[in-house]
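Following: one structure in structure tokens, then a few remarks.
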Amino acid sequence: MLRVDCLGKRYADRWIFRQLNFSLNGGDALVVVGPNGSGKSTLLRIIAGLIDPTEGAIEQPQGDPRTTTGFSALDMQVYSHLTVSEHLEITARLRGIAYDDNLLTRVGLQERKNQAAIELSSGMRARLKLALAIQSQPTLLLLDEPGAGLDETGRALLDQICEQQRQRGCLVVATNDPSERRLGTLELDLAS
């Protein structure tokens with residue numbers, strides 16, 4: 001489902017990482033760890049197709065990346081004046097999928113569906129980003145620092161989303177939180 005061959009990324013004269021190789025199949029969950037600046041977020045952005053690698057290649061799931069790949073990141077922005085449901089309605093149209101109001105219930109945002117994103121707490125915005133990432137039921141889900149801002153209930157939701165993703169496809173989680181290592185079946189330490 002995902003194969004990374006000899007992947008490397010360089011900014012100016014500094015290599016962030018080089019010679020990364022791994023393959024993920026259905027049911028696999030890779031947790032990427034390492035200190036700040038080791039390239040965790042960069043790796044996820046490359047896999048998502050948001051930035052290009054300097055070297056190497058990636059084989060992604062077959063199909064339209066708008067629906068086969070889901071991505072959520074701590075620094076991902078939402079539109080402050082759109083409501084929760086407007087975010088999901090617009091992205092459903094852009095992805096060419098049906099809007100499903102049940103997703104709001106699943107991520108605990110049903111009662112906030114008419115609330116503008118600017119009015120949400122950081123934890124509720126994190127739930128919205130998770131909803132956007134899983135909206136198309138992707139075969140590959142990429143989560144960058146997914147537990148940041150989530151309370152205990154939100155972390156239980158994250159566990160559930162990750163388990164369901166492993167049943168549907170594969171998962172890559174980048175994190176500095178030692179407790180989030182439990183989300184993976186495999187680990188890649190970019191510090192080594």
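We're numbering straight along the sequence, starting at 1.
For the side-chain hydrogen bond (donor to acceptor under 3.5 Å, both in side chains) test, no residue two or more places apart in sequence or in another chain qualifies with Arg93. Take Arg125 and apply the side-chain hydrogen bond (donor to acceptor under 3.5 Å, both in side chains) test, not counting sequence neighbours, and it matches no residue. For Asn25, there are no side-chain hydrogen bond (donor to acceptor under 3.5 Å, both in side chains) partners two or more places apart in sequence or in a different chain.
Using a 3.5 Å distance cut-off with no hydrogens or angles, the side chains of Gln137 and Arg168 do not pair a donor with an acceptor. For the residue pair Thr83 and Gln115, no side-chain donor N or O sits within less than 3.5 Å of a side-chain acceptor on the partner. With no hydrogens or angles considered, no side-chain donor-acceptor pair links Thr175 and Asp177 at under 3.5 Å.
Using a 4.5 Å heavy-atom cutoff, the side chains of Tyr11 and Thr42 are in contact. Residues Leu7 and Ile58 are in side-chain contact: their nearest non-hydrogen atoms beyond the backbone lie under 4.5 Å apart. When side chains are defined from C-beta on, Tyr99 counts as touching Ser85, because their heavy atoms get closer than 4.5 Å. Arg66 is not listed as a side-chain neighbour of Leu94, based on a closest heavy-atom distance of 4.5 Å or more. Side-chain contact check for Leu82 versus Val78: every heavy-atom pair is 4.5 Å or farther apart. Arg127 places a side-chain heavy atom less than 4.5 Å from the side chain of Leu150. Glu145 places none of its side-chain heavy atoms less than 4.5 Å from the side chain of Val173. In this structure, Leu171 and Leu30 have side chains that are not in contact, with every pair of non-hydrogen atoms separated by 4.5 Å or more.
For the atom pair CG (Leu88) and CG (Leu109), the distance works out to 8.0 Å, reported to the nearest 0.5 Å. Note that CG of Leu43 and CG of Leu188 are 7.0 Å apart. Values are rounded to the nearest 0.5 Å. Remark: Leu20 CG to Glu55 CD distance equals 9.5 Å, nearest 0.5 Å. Taking CG of Leu158 as the start and CD of Glu163 as the end, the distance is 12.0 Å to the nearest 0.5 Å. Here the CG atom belonging to Leu183 is positioned 9.5 Å from the CZ atom belonging to Arg166, to the nearest 0.5 angstrom. Here the CG-CG distance, from Leu2 to Leu140, works out to 5.5 Å after rounding to the nearest 0.5 Å.
Residues Leu104 and Ile90 are members of separate hydrophobic clusters, defined by side-chain heavy-atom contacts under 4.5 angstrom among Ile, Leu, Val, Met, Phe, Trp and Tyr. Under a hydrophobic-cluster definition in which Ile, Leu, Val, Met, Phe, Trp and Tyr are linked whenever side-chain heavy atoms come within less than 4.5 Å, directly or via other members, Ile97 and Leu103 are assigned to different clusters. Residue Leu50 is grouped with residue Leu44 when hydrophobic side chains (ILVMFWY) are merged at heavy-atom distances under 4.5 angstrom, including chains of intermediate members.
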task: Run the numbers on Val172 and Val32 for side-chain contact (heavy atoms from CB on, under 4.5 Å), then give the verdict.
output: CA-CA 7 Å; Val172 181; Val32 182; 3.9 Å; yes
For this session: I would like to know whether Val84 and Asn114 meet side-chain contact (heavy atoms from CB on, under 4.5 Å); could you show each step before the answer?
Result: CA-CA 6 Å; Val84 168; Asn114 296 318; over 6 Å; no
* Decide yes or no on side-chain contact (heavy atoms from CB on, under 4.5 Å) for Asp144 and Leu74, but give the supporting numbers first. => CA-CA 6 Å; Asp144 190 4; Leu74 181 61; 5.9 Å; no
Between Gln164 and Arg106, does a side-chain contact (heavy atoms from CB on, under 4.5 Å) hold up when you go through it step by step?
-> CA-CA 12 Å; Gln164 290 169 347; Arg106 184 173 167 205; 2.2 Å; yes
Apply the test salt bridge (charged side-chain N to carboxylate O under 4.0 Å, His left out) to residues Asp64 and Arg95: give CA-CA distance (whole Å), side-chain angles for both, the deciding distance (0.1 Å), then the verdict.
CA-CA 9 Å; Asp64 185 343; Arg95 289 177 168 143; over 6 Å; no
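Checking Asp100, Leu130, Val107, Thr91 one by one against Gln135, the side chain to side chain contact (heavy atoms under 4.5 Å, CB included) holds for a single residue, Thr91.
Of the possible donor and acceptor atoms, one in the side chain of Gln60 sits under 3.5 Å from a partner among the backbone N and O of Ile47. No donor-acceptor distance shorter than 3.5 angstrom exists from the side chain of Arg181 to the backbone of Pro178, with no hydrogens or angles considered. Although no hydrogens or angles enter the test, the distance criterion places no donor-acceptor pair under 3.5 Å between the side chain of Arg10 and the main chain of Trp15. Side chain of Lys9 to main chain of Asp52: a donor-acceptor pair is present (N/O by atom type, distance under 3.5 Å, no hydrogens or angles). Looking at Ser136, its side chain does come within 3.5 Å of a backbone N or O of Thr67 through a donor-acceptor pair. Looking at Asp189, its side chain never comes within 3.5 Å of a backbone N or O of Glu187 through a donor-acceptor pair. Looking at Lys40, its side chain does come within 3.5 Å of a backbone N or O of Pro35 through a donor-acceptor pair. For the pair Thr139 (side chain) and Thr68 (backbone), a donor-acceptor distance under 3.5 Å is present. Under a 3.5 Å cut-off, the side chain of Gln165 and the backbone N or O of Ala29 do not form any donor-acceptor pair. In this structure, Glu59 contributes its side chain and Ala57 its backbone to no donor-acceptor pair below 3.5 Å.
Taking each heavy atom of Arg14 and Gly37 in turn, the nearest pair found is NH2-O, 3.4 Å. Scanning all heavy atoms of the two residues, the minimum distance from Gly70 to Pro138 falls at N-CB, 3.5 Å. Minimum interatomic distance between Arg45 and Phe71 (heavy atoms only, all atoms of both residues): CG-CZ, 4.2 Å. For Gly39 against Phe17, the heavy-atom pair with the smallest separation is O-CE2, 3.6 Å. Leu141 approaches Ile161 most closely through the heavy-atom pair CD2-CG2, 4.0 Å. Here the closest non-hydrogen pair linking Ser72 and Lys129 is OG-CB, 3.4 Å.
Around the OH atom of Tyr79, the shell of radius 6.0 Å holds no more than 12 heavy atoms that belong to other residues, nucleotides or ligands.
Residues Arg155 and Glu180 are paired through a salt bridge, judged by an N-O separation under 4.0 Å between the basic side chain and the carboxylate.
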